[in-house]
Undergrad: 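This structure is in structure tokens; I'll ask about it shortly.
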Amino acid sequence: MLPVLGYWKTRTLAQHIRLLLVYTDTAFKDKYHHVGPEPDYDKSDWYSVKYKMGLDFPNLPYYIDDNVKLTQSTAILRYIGRKNNMCGRTEEERVRLDILLSQTMDFAEEFWKVFYYNLERRDVYLLKELPVKLWDFSNFLGDRKWFVSNQDITVADFFIYELLDHHVYIKPTILDNYKNIQMFMQRFRELPRIKEYLASPDCLRGPVFNIYSQYEVEQRK
Ligand SMILES: N[C@@H](CCC(=O)N[C@@H](CS)C(=O)NCC(=O)O)C(=O)O
């Protein structure tokens with residue numbers, strides 16, 4: 001049986017895992033759990049099975065690979081990464097990878113707070129808070145080819161790429177002042193299999209957030 005990645009039909013916290021599966025040539029099945037239309041946004045498609053799947057900590061995304069059942073997006077990322085030697089080769093790389101994964105999750109959570117629940121803070125976030133965060137990421141990347149290692153792409157590059165691309169989706173000019181990040185984004189999009197996937201009908205381009213987020217509600221008006 002093919003491994004199954006379960007999530008909402010959005011990019012939010014699963015698209016970087018999809019990209020990693022594509023890049024590592026791992027055949028898998030996307031299981032989309034549907035959310036009903038407004039105003040109720042019925043999630044029973046997920047909640048009706050949530051506690052019946054044998055997951056230790058039932059949540060989305062989940063990844064089921066035969067008898068290995070995982071939740072927690074970073075655990076899923078590392079599981080696939082370990083199978084493909086993409087979790088850092090030296091202690092220095094593993095330290096950088098740990099830092100970057102946690103920093104990217106903090107970055108994601110602050111981003112979601114605004115775009116799901118507090119859209120009136122959008123300008124403060126994009127104009128004042130985001131540049132500070134992007135400078136930190138830009139400095140961390142420096143003149144390396146990838147965020148963790150100059151030689152090898154790691155799983156952490158997939159998460160930060162996707163998060164940065166969510167920002168580009170919202171505001172295409174957002175990376176204009178960060179040349180090294182732009183080069184990283186371009187390099188990532190040119191990777192074998194990723195380039196074809198991004199251009200293919202299989203690639204989920206949106207929504208970035210779930211349909212009940214303030215941002216997506218605003219887009220539908
Ligand atoms: N820390 C978890 C967060 C998971 C999470 O918050 N999932 C959200 C979507 S991004 C969800 O809708 N979970 C379904 C649920 O709470 O039952 C991870 O990294 O996977």
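Along the sequence shown, residues are numbered consecutively beginning with 1. Counting starts at 1 for both ligands and their atoms, following the listed order.
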Undergrad: Are the aromatic rings of Y215 and H166 close, with centres under 6.0 Å apart?
TA: no
Undergrad: Atom CG in D165, atom CZ in R205: separation rounded to 0.5 Å?
TA: 11.0 Å
Undergrad: Quick check: Y7 with Y32 (ring centres under 6.0 Å apart)?
TA: no
Undergrad: Show me the short polar-atom pairs for ligand 1: any N or O of it lying under 3.5 Å from a protein N or O, with distances only.
TA:
from	atom 1	to	atom 2	distance (Å)
ligand 1	1 (N)	Q72	OE1	2.7
ligand 1	7 (N)	N59	OD1	3.3
ligand 1	7 (N)	L60	O	2.7
ligand 1	12 (O)	W8	NE1	2.9
ligand 1	13 (N)	N59	OD1	2.6
ligand 1	16 (O)	N59	OD1	3.4
ligand 1	17 (O)	W46	NE1	2.8
ligand 1	17 (O)	K50	NZ	2.6
ligand 1	19 (O)	Q72	OE1	3.4
ligand 1	19 (O)	S73	N	3.3
ligand 1	19 (O)	S73	OG	2.7
ligand 1	20 (O)	S73	N	2.9

Undergrad: Would you list the pairs meeting salt bridge (Lys or Arg N to Asp or Glu O under 4.0 Å) in which at least one residue belongs to residues 125-141, sequence neighbours left out?
TA: E110-K133, R121-E129
Undergrad: Under the ring-ring contact (aromatic ring centres under 6.0 Å, His included) test, which residues partner F158, sequence neighbours left out?
TA: Y23, F188
Undergrad: Among all residues two or more places apart in sequence or in another chain, which pass the ring-ring contact (aromatic ring centres under 6.0 Å, His included) test with F159?
TA: H16
